[in-house]
Amino acid sequence: MTAGERRDGKPPELPPRPETVVIKSGRPAAVADGPLNVPITPASALQAGGTIGYARDGHAPWMALEDVIGALEGGRALTFSSGMAAATAAIGLFCPGAVVVAPDVAYMDVRRSLSRLQEAGRAEVRFVDITDTDAVIAAGDGADVLWVESPTNPLLGIADLPSLCAAARERGMLCVVDNTFATPLLQRPLELGADVVVHSATKAMGGHSDLLLGAVVVADEAHLAALHEQRELGGATPGALEAYLCLRGLRTLPLRLERAQHNAGVLAERLGDHGDVIEVRYPGLPSHPQYRRSRDTLAGAGFMLTFRVRGGRARADALVDALRVLTHATSLGGVETSLERRARYPAEQGIVPEDLLRVSVGCEHVEDLWADLEQALASTTHLAPDTAPAHG
(Lines give C-alpha, C1' and ligand atoms only; values in the text may rest on other atoms or scores of the structure.)
Protein backbone atom coordinates (compact mmCIF):
# COMPACT_ATOMS: atom_id res chain seq x y z
CA MET A 1 0.00 0.00 0.00
CA THR A 2 1.51 3.33 -1.06
CA ALA A 3 1.74 6.34 1.24
CA GLY A 4 -1.58 8.14 1.51
CA GLU A 5 -3.59 5.23 0.02
CA ARG A 6 -6.68 4.16 1.95
CA ARG A 7 -7.20 0.52 2.94
CA ASP A 8 -10.52 0.44 1.09
CA GLY A 9 -8.74 1.33 -2.12
CA LYS A 10 -10.46 4.70 -2.46
CA PRO A 11 -8.44 7.90 -3.06
CA PRO A 12 -7.34 9.64 0.14
CA GLU A 13 -9.65 12.35 1.41
CA LEU A 14 -8.08 15.75 0.98
CA PRO A 15 -8.72 18.54 3.48
CA PRO A 16 -11.07 21.14 2.03
CA ARG A 17 -9.50 24.32 0.72
CA PRO A 18 -10.24 27.66 2.42
CA GLU A 19 -12.75 28.62 -0.27
CA THR A 20 -14.76 25.53 0.70
CA VAL A 21 -14.19 25.79 4.44
CA VAL A 22 -15.58 29.33 4.54
CA ILE A 23 -18.81 28.16 2.89
CA LYS A 24 -19.34 24.75 4.48
CA SER A 25 -18.36 25.51 8.10
CA GLY A 26 -20.60 27.13 10.68
CA ARG A 27 -23.86 25.65 9.41
CA PRO A 28 -26.74 24.36 11.56
CA ALA A 29 -27.52 20.65 11.68
CA ALA A 30 -29.33 19.46 8.58
CA VAL A 31 -33.03 19.18 9.38
CA ALA A 32 -35.85 18.73 6.91
CA ASP A 33 -37.12 22.18 5.93
CA GLY A 34 -34.59 23.77 8.26
CA PRO A 35 -32.54 26.87 7.39
CA LEU A 36 -29.11 26.65 5.77
CA ASN A 37 -27.81 29.43 8.02
CA VAL A 38 -27.83 29.83 11.79
CA PRO A 39 -30.61 32.39 12.23
CA ILE A 40 -30.40 35.68 14.07
CA THR A 41 -31.57 34.99 17.62
CA PRO A 42 -32.40 38.17 19.60
CA ALA A 43 -32.25 36.55 23.03
CA SER A 44 -30.54 37.26 26.34
CA ALA A 45 -32.35 34.70 28.52
CA LEU A 46 -32.06 31.05 27.50
CA GLN A 47 -34.11 28.04 28.60
CA ALA A 48 -32.43 26.26 31.53
CA GLY A 49 -30.91 22.82 31.20
CA GLY A 50 -28.41 23.49 28.42
CA THR A 51 -24.65 23.98 28.42
CA ILE A 52 -24.63 27.80 28.06
CA GLY A 53 -27.13 29.18 30.54
CA TYR A 54 -26.99 32.88 29.65
CA ALA A 55 -26.46 34.68 26.35
CA ARG A 56 -23.36 36.52 27.57
CA ASP A 57 -21.63 33.14 27.88
CA GLY A 58 -22.40 31.97 24.34
CA HIS A 59 -24.85 32.45 21.52
CA ALA A 60 -25.57 30.42 18.41
CA PRO A 61 -24.76 33.18 15.85
CA TRP A 62 -21.36 33.83 17.49
CA MET A 63 -20.52 30.17 17.68
CA ALA A 64 -21.22 29.63 13.99
CA LEU A 65 -18.94 32.54 13.12
CA GLU A 66 -16.27 31.30 15.52
CA ASP A 67 -16.36 27.86 13.88
CA VAL A 68 -15.55 29.40 10.50
CA ILE A 69 -12.84 31.80 11.71
CA GLY A 70 -11.23 29.04 13.77
CA ALA A 71 -11.25 26.65 10.82
CA LEU A 72 -9.67 29.26 8.55
CA GLU A 73 -6.90 30.09 11.03
CA GLY A 74 -6.36 26.51 12.23
CA GLY A 75 -7.30 27.16 15.89
CA ARG A 76 -10.14 28.00 18.26
CA ALA A 77 -11.78 31.40 17.82
CA LEU A 78 -13.67 33.69 20.16
CA THR A 79 -15.50 36.75 18.87
CA PHE A 80 -15.73 40.14 20.58
CA SER A 81 -17.71 43.33 20.18
CA SER A 82 -15.00 45.08 18.13
CA GLY A 83 -11.46 44.69 16.88
CA MET A 84 -10.15 46.74 19.78
CA ALA A 85 -12.10 44.58 22.24
CA ALA A 86 -10.33 41.58 20.72
CA ALA A 87 -6.94 43.30 20.96
CA THR A 88 -7.66 44.30 24.56
CA ALA A 89 -8.52 40.69 25.39
CA ALA A 90 -5.22 39.55 23.87
CA ILE A 91 -3.39 42.19 25.94
CA GLY A 92 -5.16 40.72 28.96
CA LEU A 93 -3.12 37.54 28.47
CA PHE A 94 0.08 39.41 29.37
CA CYS A 95 1.63 38.54 32.71
CA PRO A 96 1.81 41.36 35.29
CA GLY A 97 4.72 43.70 34.52
CA ALA A 98 5.31 42.07 31.14
CA VAL A 99 8.10 43.25 28.87
CA VAL A 100 6.52 43.64 25.45
CA VAL A 101 8.21 44.01 22.06
CA ALA A 102 5.83 45.74 19.65
CA PRO A 103 5.90 47.49 16.25
CA ASP A 104 6.65 51.20 16.19
CA VAL A 105 4.36 51.37 13.14
CA ALA A 106 1.05 49.61 13.77
CA TYR A 107 -2.63 50.34 14.21
CA MET A 108 -2.64 53.56 16.21
CA ASP A 109 -5.10 52.45 18.90
CA VAL A 110 -3.12 49.30 19.65
CA ARG A 111 0.00 51.44 20.00
CA ARG A 112 -1.97 53.76 22.26
CA SER A 113 -3.21 50.89 24.43
CA LEU A 114 0.31 49.51 24.86
CA SER A 115 1.63 52.99 25.67
CA ARG A 116 -1.06 53.44 28.33
CA LEU A 117 0.00 50.15 29.92
CA GLN A 118 3.55 51.41 30.09
CA GLU A 119 2.53 54.80 31.48
CA ALA A 120 0.55 53.06 34.22
CA GLY A 121 3.58 50.97 35.17
CA ARG A 122 1.84 47.73 34.18
CA ALA A 123 4.24 46.82 31.38
CA GLU A 124 7.49 47.79 29.72
CA VAL A 125 7.04 48.27 25.98
CA ARG A 126 9.93 48.20 23.55
CA PHE A 127 8.76 49.70 20.26
CA VAL A 128 10.85 48.51 17.33
CA ASP A 129 10.85 48.40 13.52
CA ILE A 130 9.04 45.09 13.06
CA THR A 131 10.52 44.70 9.55
CA ASP A 132 14.07 44.66 10.99
CA THR A 133 14.30 41.04 12.10
CA ASP A 134 17.65 41.39 13.87
CA ALA A 135 16.44 44.42 15.81
CA VAL A 136 13.25 42.65 16.87
CA ILE A 137 15.14 39.58 18.05
CA ALA A 138 17.64 41.76 19.94
CA ALA A 139 14.78 43.62 21.63
CA GLY A 140 13.40 40.25 22.72
CA ASP A 141 16.21 39.69 25.24
CA GLY A 142 14.45 39.33 28.57
CA ALA A 143 11.03 40.04 27.03
CA ASP A 144 7.78 38.20 27.74
CA VAL A 145 5.62 39.12 24.75
CA LEU A 146 6.12 39.72 21.03
CA TRP A 147 3.30 41.62 19.31
CA VAL A 148 3.52 41.51 15.51
CA GLU A 149 1.49 43.26 12.84
CA SER A 150 2.21 42.26 9.24
CA PRO A 151 1.48 43.91 6.90
CA THR A 152 1.68 46.95 9.16
CA ASN A 153 -0.94 49.68 9.29
CA PRO A 154 -0.55 51.99 7.46
CA LEU A 155 2.94 51.64 5.91
CA LEU A 156 2.49 48.01 4.79
CA GLY A 157 5.78 46.82 6.21
CA ILE A 158 6.25 43.05 6.00
CA ALA A 159 7.72 41.20 8.98
CA ASP A 160 9.69 37.98 8.65
CA LEU A 161 6.91 36.20 10.47
CA PRO A 162 8.36 32.66 10.38
CA SER A 163 11.64 33.84 11.91
CA LEU A 164 9.96 36.02 14.53
CA CYS A 165 7.53 33.30 15.61
CA ALA A 166 10.40 30.83 15.89
CA ALA A 167 12.49 33.27 17.93
CA ALA A 168 9.58 33.99 20.27
CA ARG A 169 8.97 30.28 20.80
CA GLU A 170 12.64 29.61 21.52
CA ARG A 171 12.60 32.30 24.22
CA GLY A 172 9.28 31.32 25.74
CA MET A 173 7.62 34.59 24.70
CA LEU A 174 3.90 34.88 24.09
CA CYS A 175 3.60 35.66 20.37
CA VAL A 176 0.57 37.68 19.25
CA VAL A 177 -0.04 38.43 15.56
CA ASP A 178 -2.56 40.94 14.24
CA ASN A 179 -3.63 39.30 10.98
CA THR A 180 -6.28 41.84 9.97
CA PHE A 181 -4.61 43.08 6.78
CA ALA A 182 -3.51 39.67 5.50
CA THR A 183 -6.61 37.66 6.53
CA PRO A 184 -6.22 33.90 7.01
CA LEU A 185 -6.41 33.48 3.23
CA LEU A 186 -2.97 35.05 2.79
CA GLN A 187 -1.28 34.13 6.08
CA ARG A 188 -1.89 31.63 8.94
CA PRO A 189 0.28 32.66 11.89
CA LEU A 190 -0.64 29.74 14.17
CA GLU A 191 0.96 27.38 11.66
CA LEU A 192 4.17 29.40 11.97
CA GLY A 193 4.24 29.11 15.76
CA ALA A 194 2.26 32.15 16.92
CA ASP A 195 0.21 31.68 20.09
CA VAL A 196 -2.52 34.25 19.49
CA VAL A 197 -4.03 35.73 16.32
CA VAL A 198 -6.10 38.92 16.47
CA HIS A 199 -8.55 40.19 13.85
CA SER A 200 -10.66 43.24 13.41
CA ALA A 201 -13.50 41.36 11.72
CA THR A 202 -15.05 44.77 11.10
CA LYS A 203 -12.70 44.96 8.13
CA ALA A 204 -12.23 42.37 5.36
CA MET A 205 -13.98 39.52 7.15
CA GLY A 206 -17.26 41.41 7.40
CA GLY A 207 -16.44 43.18 4.18
CA HIS A 208 -19.42 45.53 3.90
CA SER A 209 -18.67 48.37 6.35
CA ASP A 210 -21.82 47.64 8.33
CA LEU A 211 -20.68 46.13 11.63
CA LEU A 212 -18.16 46.23 14.47
CA LEU A 213 -16.67 42.90 15.51
CA GLY A 214 -13.35 41.35 16.53
CA ALA A 215 -11.90 37.87 16.93
CA VAL A 216 -9.05 36.18 18.75
CA VAL A 217 -7.82 32.75 17.65
CA VAL A 218 -5.62 30.46 19.74
CA ALA A 219 -4.44 26.86 19.75
CA ASP A 220 -3.89 26.49 23.50
CA GLU A 221 -6.87 25.54 25.67
CA ALA A 222 -5.58 27.58 28.62
CA HIS A 223 -5.45 30.72 26.46
CA LEU A 224 -8.95 29.96 25.18
CA ALA A 225 -10.30 29.63 28.72
CA ALA A 226 -8.63 32.89 29.82
CA LEU A 227 -10.05 34.76 26.83
CA HIS A 228 -13.49 33.32 27.41
CA GLU A 229 -13.42 34.52 31.01
CA GLN A 230 -12.29 37.98 29.92
CA ARG A 231 -15.19 38.21 27.49
CA GLU A 232 -17.64 36.95 30.08
CA LEU A 233 -16.48 39.30 32.84
CA GLY A 234 -15.79 42.29 30.59
CA GLY A 235 -19.01 41.91 28.65
CA ALA A 236 -17.40 42.64 25.27
CA THR A 237 -19.75 40.30 23.44
CA PRO A 238 -20.84 40.74 19.82
CA GLY A 239 -24.48 41.24 18.94
CA ALA A 240 -26.44 38.48 17.25
CA LEU A 241 -27.09 40.66 14.20
CA GLU A 242 -23.43 41.66 13.89
CA ALA A 243 -22.31 38.03 14.11
CA TYR A 244 -24.84 37.00 11.45
CA LEU A 245 -23.79 39.80 9.11
CA CYS A 246 -20.11 39.07 9.63
CA LEU A 247 -20.54 35.39 8.82
CA ARG A 248 -22.55 36.22 5.72
CA GLY A 249 -19.80 38.58 4.60
CA LEU A 250 -17.04 36.14 5.49
CA ARG A 251 -18.46 33.48 3.18
CA THR A 252 -17.61 35.66 0.18
CA LEU A 253 -14.15 36.72 1.40
CA PRO A 254 -12.24 34.58 -1.12
CA LEU A 255 -14.15 36.13 -4.02
CA ARG A 256 -13.87 39.66 -2.69
CA LEU A 257 -10.18 39.30 -1.88
CA GLU A 258 -9.39 37.94 -5.33
CA ARG A 259 -11.06 40.93 -7.02
CA ALA A 260 -9.74 43.56 -4.60
CA GLN A 261 -6.21 42.20 -4.79
CA HIS A 262 -6.31 42.25 -8.59
CA ASN A 263 -7.55 45.85 -8.54
CA ALA A 264 -4.89 46.86 -6.01
CA GLY A 265 -2.13 45.45 -8.19
CA VAL A 266 -3.35 47.33 -11.26
CA LEU A 267 -3.75 50.62 -9.40
CA ALA A 268 -0.36 50.30 -7.70
CA GLU A 269 1.41 49.81 -11.03
CA ARG A 270 -0.39 52.71 -12.70
CA LEU A 271 0.15 55.07 -9.78
CA GLY A 272 3.82 54.13 -9.78
CA ASP A 273 4.06 55.18 -13.42
CA HIS A 274 2.25 58.51 -12.92
CA GLY A 275 4.47 61.57 -12.98
CA ASP A 276 2.68 63.27 -10.07
CA VAL A 277 3.07 60.31 -7.72
CA ILE A 278 6.35 60.27 -5.78
CA GLU A 279 5.94 56.99 -3.87
CA VAL A 280 3.73 53.90 -3.97
CA ARG A 281 3.85 51.17 -1.35
CA TYR A 282 2.29 47.84 -2.26
CA PRO A 283 3.75 44.46 -1.30
CA GLY A 284 3.25 43.20 -4.85
CA LEU A 285 5.53 45.83 -6.41
CA PRO A 286 9.25 45.10 -6.80
CA SER A 287 9.90 48.60 -5.39
CA HIS A 288 8.45 47.60 -2.01
CA PRO A 289 11.23 47.38 0.63
CA GLN A 290 10.17 43.85 1.61
CA TYR A 291 9.02 42.66 -1.81
CA ARG A 292 10.95 39.37 -1.71
CA ARG A 293 9.85 38.69 1.85
CA SER A 294 6.22 39.29 0.96
CA ARG A 295 6.48 36.75 -1.84
CA ASP A 296 7.96 34.22 0.58
CA THR A 297 5.58 34.75 3.50
CA LEU A 298 2.24 35.83 2.01
CA ALA A 299 -0.03 33.97 -0.39
CA GLY A 300 -0.84 37.28 -2.10
CA ALA A 301 -0.05 40.98 -1.99
CA GLY A 302 -3.40 41.98 -0.49
CA PHE A 303 -5.85 44.84 -1.04
CA MET A 304 -4.09 47.73 0.74
CA LEU A 305 -1.73 50.28 -0.80
CA THR A 306 -0.41 53.73 0.01
CA PHE A 307 0.82 56.55 -2.20
CA ARG A 308 2.12 60.10 -1.99
CA VAL A 309 1.70 62.90 -4.52
CA ARG A 310 3.77 65.92 -5.51
CA GLY A 311 2.39 68.91 -3.64
CA GLY A 312 2.38 67.52 -0.12
CA ARG A 313 -0.47 67.69 2.34
CA ALA A 314 -2.46 70.37 0.50
CA ARG A 315 -2.41 68.39 -2.74
CA ALA A 316 -3.31 65.16 -0.93
CA ASP A 317 -6.34 66.78 0.73
CA ALA A 318 -7.45 68.36 -2.55
CA LEU A 319 -7.11 65.04 -4.35
CA VAL A 320 -9.31 63.31 -1.77
CA ASP A 321 -11.96 66.01 -2.21
CA ALA A 322 -11.84 65.65 -5.99
CA LEU A 323 -12.61 61.92 -6.04
CA ARG A 324 -16.07 60.74 -7.05
CA VAL A 325 -15.86 56.93 -7.15
CA LEU A 326 -13.44 56.31 -4.33
CA THR A 327 -14.90 56.99 -0.89
CA HIS A 328 -13.24 59.26 1.68
CA ALA A 329 -13.49 57.21 4.85
CA THR A 330 -11.43 55.57 7.52
CA SER A 331 -11.68 51.82 8.15
CA LEU A 332 -10.90 49.37 5.35
CA GLY A 333 -11.66 45.98 3.83
CA GLY A 334 -15.09 46.83 2.44
CA VAL A 335 -16.39 46.13 -1.05
CA GLU A 336 -16.03 49.85 -1.73
CA THR A 337 -12.64 51.46 -2.34
CA SER A 338 -11.85 53.99 0.37
CA LEU A 339 -8.91 56.24 1.15
CA GLU A 340 -7.78 58.85 3.62
CA ARG A 341 -4.78 60.93 4.60
CA ARG A 342 -3.62 59.11 7.72
CA ALA A 343 -1.64 61.96 9.27
CA ARG A 344 -4.90 63.84 9.87
CA TYR A 345 -4.97 61.85 13.11
CA PRO A 346 -2.69 63.21 15.85
CA ALA A 347 -1.63 59.66 16.80
CA GLU A 348 -0.24 59.11 13.29
CA GLN A 349 1.71 62.37 13.06
CA GLY A 350 5.41 61.72 13.16
CA ILE A 351 4.76 58.06 12.31
CA VAL A 352 3.72 58.49 8.67
CA PRO A 353 4.44 61.22 6.11
CA GLU A 354 1.86 63.99 6.36
CA ASP A 355 0.85 63.54 2.71
CA LEU A 356 0.52 59.74 2.75
CA LEU A 357 -2.78 58.43 1.39
CA ARG A 358 -3.85 54.96 2.53
CA VAL A 359 -6.11 53.15 0.10
CA SER A 360 -8.28 50.13 0.82
CA VAL A 361 -9.05 48.77 -2.63
CA GLY A 362 -12.48 47.26 -3.19
CA CYS A 363 -14.38 45.38 -5.84
CA GLU A 364 -15.48 48.06 -8.31
CA HIS A 365 -14.37 47.86 -11.94
CA VAL A 366 -10.70 48.75 -11.91
CA GLU A 367 -11.01 51.06 -14.92
CA ASP A 368 -13.60 53.17 -13.08
CA LEU A 369 -11.28 53.40 -10.09
CA TRP A 370 -8.34 54.40 -12.25
CA ALA A 371 -10.36 56.96 -14.21
CA ASP A 372 -11.39 58.57 -10.92
CA LEU A 373 -7.83 58.70 -9.59
CA GLU A 374 -6.56 60.03 -12.92
CA GLN A 375 -9.09 62.87 -13.05
CA ALA A 376 -8.40 63.78 -9.41
CA LEU A 377 -4.66 63.92 -10.11
CA ALA A 378 -5.28 66.04 -13.21
CA SER A 379 -7.65 68.46 -11.46
CA THR A 380 -5.15 69.11 -8.65
CA THR A 381 -1.98 69.37 -10.72
CA HIS A 382 -1.84 73.14 -10.11
CA LEU A 383 -0.93 72.36 -6.51
CA ALA A 384 2.20 70.43 -7.48
CA PRO A 385 5.63 72.11 -7.52
CA ASP A 386 7.23 72.68 -10.90
CA THR A 387 10.07 70.22 -10.30
CA ALA A 388 9.21 66.63 -9.54
CA PRO A 389 11.42 64.79 -7.07
CA ALA A 390 12.73 61.36 -7.96
CA HIS A 391 10.41 58.42 -7.47
CA GLY A 392 11.03 56.45 -4.26
Side-chain angles (χ1 to χ4, degrees), residues 15-16 18 20-93 180 183-184 190 195-253:
T20 303
V21 168
V22 79
I23 291 174
K24 296 297 290 182
S25 300
R27 299 287 184 180
V31 177
D33 292 330
L36 296 183
N37 299 296
V38 174
I40 303 167
T41 310
S44 57
L46 306 176
Q47 296 282 355
T51 59
I52 298 173
Y54 185 57
R56 182 160 45 86
D57 302 327
H59 211 24
W62 315 343
M63 292 187 282
L65 175 60
E66 289 165 357
D67 284 347
V68 178
I69 295 174
L72 287 174
E73 283 286 8
R76 300 281 301 281
L78 282 179
T79 50
F80 293 81
S81 55
S82 68
M84 275 309 300
T88 301
I91 291 171
L93 296 175
T180 298
T183 83
L190 293 180
D195 299 297
V196 182
V197 176
V198 175
H199 283 281
S200 174
T202 304
K203 311 301 194 298
M205 283 189 172
H208 292 79
S209 305
D210 56 4
L211 59 93
L212 292 175
L213 203 140
V216 183
V217 192
V218 296
D220 182 78
E221 289 294 329
H223 289 152
L224 184 71
L227 290 163
H228 194 282
E229 184 176 60
Q230 285 192 62
R231 183 177 69 178
E232 181 181 347
L233 297 179
T237 55
L241 174 61
E242 286 81 1
Y244 178 89
L245 290 173
C246 188
L247 180 51
R248 186 172 68 170
L250 182 55
R251 296 204 190 281
T252 63
L253 176 61

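When a residue number appears, it is its place in the shown sequence, counting from 1. Only a predicted model underlies this, so the values are computations on that prediction, with no experimental measurement involved. The analysis underlying the following values was restricted to heavy atoms, covering all of them including side chains, and did not include hydrogens, waters or symmetry mates.
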> To check you understand the geometry: which heavy-atom pair defines the closest contact between Ala77 and Gly70, and what is its length?
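That closest heavy-atom pairing would be CB-N, 3.7 Å.
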> Give me the atom names and distance for the closest heavy-atom approach of Asp57 to His228.
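Taking every non-hydrogen atom into account, O-NE2, 3.2 Å.
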> Side chains of residues 32-56: which donor-acceptor partners sit under 3.5 Å, not counting sequence neighbours?
residue : atom : partner : partner atom : Å
Asn37   : OD1  : Arg27   : NH1          : 2.5
Thr41   : OG1  : Pro39   : O            : 3.3
Arg56   : NH1  : Glu232  : O            : 2.3

> What residue pairs, at least two apart or across chains, pass side-chain hydrogen bond (donor to acceptor under 3.5 Å, both in side chains) with a residue in residues 64-74?
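Of all non-adjacent pairs touching residues 64-74, those that pass side-chain hydrogen bond (donor to acceptor under 3.5 Å, both in side chains) are Glu66-Thr79, Glu66-Arg231, Glu73-Asn179, Glu73-His199.
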> With sequence neighbours left out, what residues match Thr202 under side-chain hydrogen bond (donor to acceptor under 3.5 Å, both in side chains)?
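If we apply the side-chain hydrogen bond (donor to acceptor under 3.5 Å, both in side chains) test to Thr202, skipping adjacent residues, there are no hits.
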> Looking at residues at least two apart in the chain, or sitting in another chain, which of them share a side chain to side chain contact (heavy atoms under 4.5 Å, CB included) with Ala236?
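Counting only residues at least two positions away or on another chain, Ala236 forms a side chain to side chain contact (heavy atoms under 4.5 Å, CB included) with Phe80, Ser81, Ala85.
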> Could you work out, with side chain to side chain contact (heavy atoms under 4.5 Å, CB included) as the rule, every residue matching Ser25, not counting sequence neighbours?
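Checked Ser25 against side chain to side chain contact (heavy atoms under 4.5 Å, CB included); matches are Val21, Val68, Ala71.
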> Please tell me if the side chains of Leu72 and Leu250 come closer than 4.5 Å, counting only heavy atoms from C-beta onward.
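Contact flag for Leu72/Leu250 side chains = yes.
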> Could you give the distance from CG (Leu227) to CG (Leu93), rounded to the nearest 0.5 Å?
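Going from the CG atom of Leu227 to the CG atom of Leu93 covers 4.5 Å.
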> Taking the side chain as everything from C-beta on, heavy atoms only, tell me whether Thr180 gets closer than 4.5 Å to Val198.
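Heavy-atom side-chain distance check fails, nothing below 4.5 Å.
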> For residues 235-253, which residue pairs pass the side-chain hydrogen bond (donor to acceptor under 3.5 Å, both in side chains) check, not counting sequence neighbours?
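Residue pairs passing side-chain hydrogen bond (donor to acceptor under 3.5 Å, both in side chains), neighbours aside: Thr252-Arg256.
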> For the backbone of Pro238 and the side chain of Trp62, can you confirm whether one donor and one acceptor N or O come within less than 3.5 Å of each other?
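Confirmed, Trp62 side chain pairs with Pro238 backbone.
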> I'd like to check the side chain to side chain contact (heavy atoms under 4.5 Å, CB included) partners of Ala204; sequence neighbours left out, ordered by chain and number.
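Side chain to side chain contact (heavy atoms under 4.5 Å, CB included) check on Ala204 returns Thr183, Leu253, Phe303.
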> Strictly by salt bridge (Lys or Arg N to Asp or Glu O under 4.0 Å), give each pair with a member in residues 74-85 just once, sequence neighbours left out.
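Every pair satisfying salt bridge (Lys or Arg N to Asp or Glu O under 4.0 Å) with a residue in residues 74-85: Arg76-Glu221.
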> What pair of heavy atoms forms the shortest contact from Val196 to Ala90, and how long is it?
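It is CG1-CB, 4.2 Å.
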> Taking only distance into account, with no hydrogens and no angle test, what donor-acceptor pairs under 3.5 Å do side-chain atoms of residues 207-218 form with protein atoms, sequence neighbours excluded?
residue : atom : partner : partner atom : Å
His208  : ND1  : Gly206  : O            : 3.0
Ser209  : OG   : Glu336  : OE2          : 2.5

